[in-house]
Amino acid sequence: MDTFNGSQSAFQSSIRYQDHGVRVAAVYCSDGRFEAQCADFLRHGLGIDRCDLIVVPGGPARLAGYDDPAFADNAVLDELTFLVQAHQLERVILIQHDDCGFYQHKLGIKTHELRPLQDADVIRAAEAVKKATGLDNIDCYCAVVTSQGISFEPVS
């Protein structure tokens, strides 16, 4: 299979365009160590072929209501609210992950304190999404590193 090398005029995707059927948004961290697994979970774990994505450092933590000035503008929540309204979305998936550098470096959280805080944050994020969008169908998960790879555990 040939790859696009930049000297060609354009890359033509073999995936057919469809302008209907997207009813889900997913919010997760931009940490590249988890990107392929999150896409795999959405497609094969949840059966979601296509969805709107908001992929930013910290993922759902950016929706959890921290007072840090970096999040004061609520940009991630505003963008998600826009997508829900503009695309008439019916469901939102929020995914946290183990060993999140956003928590460790931006928020100063120690590794052993991460999971309980992340679970609380993803629930707070779900409440913020519900309040902003009116959606009830919000699912929360944490991507956990195991000896077999990455496991997506529901958070309730």
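- The CG atom of L135 lies 10.0 Å from the NZ atom of K130; values are rounded to the nearest 0.5 Å.
- Counting heavy atoms from C-beta outward, V56 and I54 have side chains that approach closer than 4.5 Å.
- Linking ILVMFWY side-chain heavy atoms closer than 4.5 Å, directly or via other members, places L94 and V144 in two distinct hydrophobic clusters.
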Just list the side-chain donor-acceptor pairs under 3.5 Å for residues 118-125, sequence neighbours left out, or say none.
unit_1, atom_1, unit_2, atom_2, d
Q118, NE2, H97, O, 2.8
D119, OD1, R115, NE, 2.8
D119, OD2, R115, NE, 3.3
D121, OD1, Y66, OH, 3.2
D121, OD1, R124, NH1, 3.1
D121, OD1, R124, NH2, 3.0
D121, OD2, Y66, OH, 2.5
D121, OD2, Y103, OH, 2.7
R124, NE, A64, O, 2.9
R124, NH2, A64, O, 3.0

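- When hydrophobic residues (I, L, V, M, F, W, Y) are linked wherever their side-chain heavy atoms come within less than 4.5 Å, Y17 remains an isolated member.
- Counting only distance, with no hydrogens or angles, the side chain of R23 and the backbone of H87 share a donor-acceptor pair below 3.5 Å.
- Under the salt bridge (Lys or Arg N to Asp or Glu O under 4.0 Å) criterion, D98 pairs with no residue, sequence neighbours left out.
- Considering SG of C140 and CD of E153, their distance stands at 13.5 Å, rounded to 0.5 Å.
- Rounding to the nearest 0.5 angstrom, the gap separating the CG atom in L83 from the CD atom in Q88 is 12.5 Å.
- Not counting sequence neighbours, K131 has no partner by the side-chain contact (heavy atoms from CB on, under 4.5 Å) test.
- Minimum heavy-atom separation, A132 to L77: CB-CD1, 3.9 Å.
- A donor-acceptor distance shorter than 3.5 angstrom exists from the side chain of R33 to the backbone of D99, with no hydrogens or angles considered.
- Here the closest heavy-atom approach between residue T133 and residue V129 is recorded as OG1-O, 2.6 Å.
- Residue G58 comes nearest to Q96 through the heavy atom pair O-OE1, 3.6 Å, listed as atom of the first residue, atom of the second, then distance.
- With sequence neighbours excluded, the residues forming a side-chain contact (heavy atoms from CB on, under 4.5 Å) with N137 are R91, D139, listed by chain and number.
- Between A61 and F102, the shortest heavy-atom distance links the atoms CB-CE2, 3.8 Å.
- Atom CG in L80 sits 7.5 Å away from atom CG in L89 (nearest 0.5 Å).
- In this structure, V24 shares a hydrophobic cluster with Y28, F34, F41, L42, L46, I48, L53, V55, I93, I95, Y141, V145, I150, F152, the cluster being traced through Ile, Leu, Val, Met, Phe, Trp and Tyr side chains under 4.5 angstrom apart.
- L117 CG to L107 CG: the interatomic distance, rounded to the nearest 0.5 Å, is 7.5 Å.
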